[in-house]
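Here's the structure we're looking at; comments come further down.
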Amino acid sequence: MHKVVIIGSGCAGNTAAIYTARAGLEPIVVKGHEVGGQLSLTTEVENFPGFPEGINGPDLIENMKKQAERFGALYRDGELVEADLSKRPFRLNLAGEWVETRTLIVASGAKARWLDLPSEQKLIGHGVSSCATCDGFFYREKKIMVVGGGDSAMEEANFLTRFGREVALVHRRDAFRASKIMLERARNNPKIKFFNNTVVEDVYDASQHLVTGVKLRNVLTNDIWERNVDGFFVAIGHIPNTAPFAGQIDLDPDGYIVSHGGARTSVTGVFHAGDVQDRTYRQAITASGAGCMAAIEAERFLEAEGH
Ligand SMILES: Cc1cc2nc3c(=O)[nH]c(=O)nc-3n(C[C@H](O)[C@H](O)[C@H](O)COP(=O)(O)OP(=O)(O)OC[C@H]3O[C@@H](n4cnc5c(N)ncnc54)[C@H](O)[C@@H]3O)c2cc1C
């Protein structure tokens with residue numbers, strides 16, 4: 001019987017582990033399929049406080065893990081495939097082995113949707129990004145491309161005009177999902193150039209480990225052409241990692257955990273932390289802050305229950 005099990009080893013899970021471990025709760029952290037979470041995919045992180053020169057994403061994550069282990073957190077491989085949260089203690093199926101826990105912190109994150117282009121994954125952190133707030137700064141006076149047709153694509157394109165010399169916005173259709181106001185703001189921005197009815201066929205150049213350009217195709221005419229770009233931002237949404245919780249805790253229509261105040265979910269004793277609940281900020285520091293909140297709530301809950 002564990003006191004705390006944390007699902008996910010990203011910023012939220014690691015921070016929850018530091019706090020619950022220091023509180024003597026001997027948390028178990030289930031690492032999941034993406035060990036270290038989204039930051040392990042990136043290179044330079046310049047906006048996490050405390051690192052004036054910036055820090056490599058995987059190093060930041062490793063530091064958090066070591067910090068949690070120093071206080072007794074136990075990391076284990078595998079992932080949660082099934083959960084029974086209908087009564088306490090909760091029962092968790094960690095890829096074959098069932099474990100029991102008095103509290104659960106869900107820090108399973110959300111994965112960005114990608115275009116599945118041949119070179120896209122190889123160039124993440126080297127010019128391909130899913131986060132303008134994180135990476136826009138690296139593209140001062142550079143040529144930027146944003147792909148997407150929803151509000152987040154418009155928001156990212158507008159934001160990126162603060163940095164880039166130009167922002168090309170590529171959308172596969174003529175009609176946009178984005179709200180009228182967001183679309184108008186982008187249309188009125190002189191730095192944004194729209195490419196409608198257009199899809200990206202590939203992003204170059206994996207052999208140089210650097211984005212240098214893209215191959216585009218007009219879906220109406222089938223014309224194919226290339227365009228030089230330095231920064232390539234994919235803004236076609238995120239998928240929260242909540243499949244094992246469907247039908248057990250309140251999720252919104254897109255699958256994000258619905259917060260019931262603080263870090264509480266609809267199930268007493270189950271707490272949320274990070275991008276799995278947050279569709280707005282999606283930053284390392286906000287995920288870490290949320291991990292801290294979940295840990296403090298779990299700690300107080302256990303104390304109130306006499307554990
Ligand atoms: C390329 C890239 C660059 C970024 N750069 C920055 C930046 O410079 N600055 C910044 O502040 N933010 C940046 N971000 C955003 C930041 O990485 C996220 O906001 C942050 O990682 C969210 O942390 P999290 O712990 O909530 O989730 P995640 O980091 O997504 O971690 C989720 C964890 O849950 C695990 N998991 C999922 N499902 C299961 C399961 N069923 N069982 C067990 N475990 C599971 C995964 O394996 C993973 O370990 C970047 C994101 C990306 C993709």
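For ligands, and for the atoms within them, numbers begin at 1 and follow the listed sequence.
Among all protein heavy atoms, the one lying closest to atom 42 (N) of ligand 1 is L80 N, 2.9 Å. Among all protein heavy atoms, the one lying closest to atom 21 (O) of ligand 1 is Q38 CB, 3.7 Å. The shortest contact between atom 12 (N) of ligand 1 and any protein heavy atom is with A284 N, 3.3 Å. Among all protein heavy atoms, the one lying closest to atom 9 (N) of ligand 1 is N47 OD1, 2.8 Å. Closest to atom 15 (C) of ligand 1, if we only count protein heavy atoms, is R282 O, 3.7 Å. For atom 44 (N) of ligand 1, the closest non-hydrogen atom on the protein side is G32 CA, 3.2 Å. Taking atom 31 (O) of ligand 1 as the reference point, the nearest protein heavy-atom neighbour is G37 CA, 3.4 Å. The protein non-hydrogen atom at the shortest distance from atom 7 (C) of ligand 1 is C134 CB, 3.4 Å.
When only interatomic distances are considered, the shortest N/O to N/O separation between A12 and ligand 1 falls below 3.5 Å. The shortest N or O to N or O distance between K31 and ligand 1 is below 3.5 Å. The shortest N or O to N or O distance between C11 and ligand 1 is under 3.5 Å. Checking only distances, N241 never comes within under 3.5 Å of ligand 1, N or O to N or O.
Residue contact annotation: S130 has a non-hydrogen atom under 4.0 Å from ligand 1. Proximity of S9 to ligand 1 is established by a heavy-atom distance of less than 4.0 Å. Heavy-atom distances between A112 and ligand 1 stay at or above 4.0 Å for every pair.
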Report task. May I have the step-by-step check of salt bridge (Lys or Arg N to Asp or Glu O under 4.0 Å) for E201 and R217, ending in yes or no? Result -> CA-CA 7 Å; E201 299 265 284; R217 179 170 61 87; 3.2 Å; yes

Report task. Let me see the working for E79 and K31 under salt bridge (Lys or Arg N to Asp or Glu O under 4.0 Å), right down to the final yes or no. Result -> CA-CA 7 Å; E79 61 187 303; K31 293 191 227 170; over 6 Å; no

**Report entry** Pair E69-K65, salt bridge (Lys or Arg N to Asp or Glu O under 4.0 Å): steps then yes or no
**Finding:** CA-CA 6 Å; E69 283 175 330; K65 176 172 177 274; 3.1 Å; yes

Report task. Could you give me the CA-CA distance, side-chain angles and deciding distance for E97 and R76, then say whether salt bridge (Lys or Arg N to Asp or Glu O under 4.0 Å) is met? Result -> CA-CA 12 Å; E97 189 196 341; R76 58 172 286 170; 3.1 Å; yes

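The pair K111-E34 does not meet the salt-bridge criterion, since no charged nitrogen lies less than 4.0 angstrom from a carboxylate oxygen. Residues E166 and R227 are paired through a salt bridge, judged by an N-O separation under 4.0 Å between the basic side chain and the carboxylate. Between R279 and D252 there is a salt bridge, since at least one side-chain N of the basic residue sits less than 4.0 Å from a carboxylate O of the acidic one.
Which parts of ligand 1 touch I7 is read off a 4.0 Å heavy-atom cut-off, strictly below it: atoms 40 (C), 42 (N), 43 (C), 44 (N).
Contacts between L39 and ligand 1, counted as non-hydrogen atom pairs separated by less than 4.0 Å, involve both the backbone and the side chain. Under 4.0 angstrom from ligand 1, the non-hydrogen atoms of A107 all belong to its backbone. Residue contacts with ligand 1 for I124 involve side-chain atoms from C-beta outward but no N, CA, C or O (heavy atoms, distance under 4.0 Å).
For the atom pair CG (L169) and NZ (K191), the distance works out to 15.0 Å, reported to the nearest 0.5 Å.
Of the N and O atoms on the side chains of S179 and D151, at least one donor lies less than 3.5 Å from an acceptor on the other residue. For the 3.5 Å distance criterion, the side chains of H171 and T198 fail to qualify, holding no donor opposite an acceptor. For the residue pair N218 / N197, no side-chain donor-acceptor distance below 3.5 Å is found, with atom types taken as modelled. If you check the side chains of K143 and N228, you find no donor sitting under 3.5 Å from an acceptor.
Comparing heavy-atom distances from atom 32 (C) of ligand 1 across G8, C131, S108 singles out S108 as nearest. For atom 2 (C) of ligand 1, the nearest non-hydrogen atom from the set T42, D275, I61 belongs to T42.
Remark: Q283 CD is packed, more than 12 non-hydrogen atoms of other residues, nucleotides or ligands lying under 6.0 Å away.
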